[in-house]
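Any value given below was found using the heavy atoms of this structure, including those in side chains, with hydrogens, waters and symmetry copies removed. Just so we're on the same page: letters track the sequence lines, and every chain starts at 1.
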There are 2 protein chains.
Amino acid sequence: MVKLSKKADYGLIAVRHLSQGETGKPSSAKEIARAHGMPVELLAKVLQKLVKQGLLVSHHGAEGGYALAREASSMTAFDVIRAIEGPIFITSCVTVRGECEQAPHCTVREPLSRVNEVLAQALSSVRISDLGGGLPPLVQLEATK
Amino acid sequence: MVKLSKKADYGLIAVRHLSQGETGKPSSAKEIARAHGMPVELLAKVLQKLVKQGLLVSHHGAEGGYALAREASSMTAFDVIRAIEGPIFITSCVTVRGECEQAPHCTVREPLSRVNEVLAQALSSVRISDLGGGLPPLVQLEATK
DNA sequence: ACCATATACGACTATTTTAGTCGGATATAG
DNA sequence: CTATATCCGACTAAAATAGTCGTATATGGT
Ligand code: SF4
Ligand code: SF4
């Protein structure tokens, strides 16, 4: 199937979450995870990846957490997804164990790579600042107890 | 990752293969598989799926095999992929065990579904008749012995 | 100084999906 | 009648994904 991983999904939601709160105040992984009902440790790893790729900045210790490294309007869904999943290729031409053995004389490769281009462009056209309209979901906030 | 499965890949290659030979003469799964170095039984299953979805016609018995059910120019990569993998959704909102629990108040869903649209359109714009330029690869034909 | 809270990171297990295999039933041309 | 096919389901193997755990480290507040 052609689909996004849960991690990428979490990443997008988290980044959007961060784009909503006050710019100065960082949000902890726990806070974000609880607000959206995702496993804390897993989200934490995703966020750490985003930090390493320079999309987020982190702050250790109490009252710490994560915040956007730059403006939401200059950050795209493509940036986030690629940071989490690495380079995106719709074909599996090159896997861990070298190339697909029929790569040299493959005939569907080139047309599909054009499709890949289109996909990348579509994802790049989605700015984080465009995501969602309202505030973060309130439904589950009670779960915070 | 966002990628096509091997099956879809095989399907595309097989369909293209069929679009090259003489229209009347069907090709067997064995023949196609050997020509492109793919596991016969697996390809066979893929082809059977394509038959069931009406993209190919099959012919039992000796000298039998598969052939396109309609013109290569009226068949798209999207058709083939969807026939093999089922409906394509870039998000994993709805899996086998019901919906993603935060679907009702998810904020990234709608923008991504627009991306999904674009992807579908890109795949639909690739006609089978457009695939590759040359003949089927000859490199491995000797393996037929 | 101490402690609660957070990030950081790696190793681990579990689950799911994908890939590939096998065995047998049915159809058909020669 | 036989060689060659499609057809179909059940099975195993391998890989990717999802989620967990333990531990080290940083930091703000008391
Ligand atoms: S078959 Fe062609 S497209 Fe598919 S992986 Fe191998 S090279 Fe890439
Ligand atoms: S989080 Fe939103 S987008 Fe991701 S699966 Fe659940 S509903 Fe679909």
**Study point:** Between P of C:dT16 and NZ of A:K6, the distance in whole Å
**Key:** 12 Å
Review point. For the pair made of CG in A:L4 and C1' in D:dA16, what is the distance, rounded to whole Å?
Key: 15 Å
Exercise for review: Considering just the side-chain nitrogens and oxygens of B:H59, establish if one lies under 4.0 Å of OP1 or OP2 belonging to C:dA29.
Suggested key: yes
Review point. Nearest heavy-atom pair of B:P26 and B:E63: which atoms, and what distance?
Key: CG-O, 3.9 Å
Review point. Whole-Å distance between D:dA5 P and B:E31 CD?
Key: 9 Å
Study note, to complete from the structure: In whole angstroms, the gap separating C1' of D:dT17 from CD1 of A:I81 amounts to 16 Å
Point to revise | C:dA8 phosphate, OP1 or OP2, under 4.0 Å from A:Y66 side-chain N/O | key: yes
Study note, to complete from the structure: B:L42 atom CG is separated from D:dA14 atom C1', nearest whole Å, by 13 Å
Check your understanding: Looking at B:L131 and A:P111, what are the two nearest heavy atoms and their distance?
Key -> CD2-CG, 3.6 Å
Check your understanding: Separation of A:H60 atom NE2 from C:dT7 atom C1', in whole Å?
Key -> 4 Å
Point to revise | Non-hydrogen atoms of B:L50 and B:A83 that approach each other most closely | key: CD2-CB, 3.8 Å
Review point. Rounding to a whole Å, what distance do you find between A:E41:CD and C:dT7:P?
Key: 12 Å
Review point. What does B:K49 touch in the nucleic acid at a heavy-atom separation under 4.0 angstrom: a base, only the sugar-phosphate, or nothing?
Key: nothing
**Study point:** Presence of B:Y10 side-chain N/O under 4.0 Å of C:dA19 phosphate oxygens OP1/OP2
**Key:** no
**Study point:** Upstream residue (5' side of DNA chain D) when B:S28 and B:K45 are each assigned their closest nucleotide
**Key:** B:S28
Practice item. Check whether any side-chain N or O of A:S58 sits under 4.0 Å from OP1 or OP2 of C:dA8, and answer yes or no. Key: yes
Exercise for review: State plainly whether the residues B:R127 and B:D130 are in salt-bridge range, i.e. N to O under 4.0 Å.
Suggested key: yes
Review point. With a 4.0 Å cut-off, would you call A:E110 and A:R114 a salt bridge?
Key: yes
Check your understanding: Which part of the nucleic acid, if any, lies within reach of B:A29 when heavy atoms closer than 4.0 Å are counted: base, sugar-phosphate only, or nothing?
Key -> sugar-phosphate
Check your understanding: Does any donor-acceptor pair link the side chain of B:E63 with the base of C:dA29 at a separation under 3.5 Å?
Key -> no
Point to revise | Euclidean distance, atom CG of residue B:L43 to atom P of D:dA5 [Å, nearest integer] | key: 14 Å
Practice item. Starting from the 5' end of DNA chain C, give me the residue, A:K52 or A:A62, whose nearest nucleotide shows up first. Key: A:A62
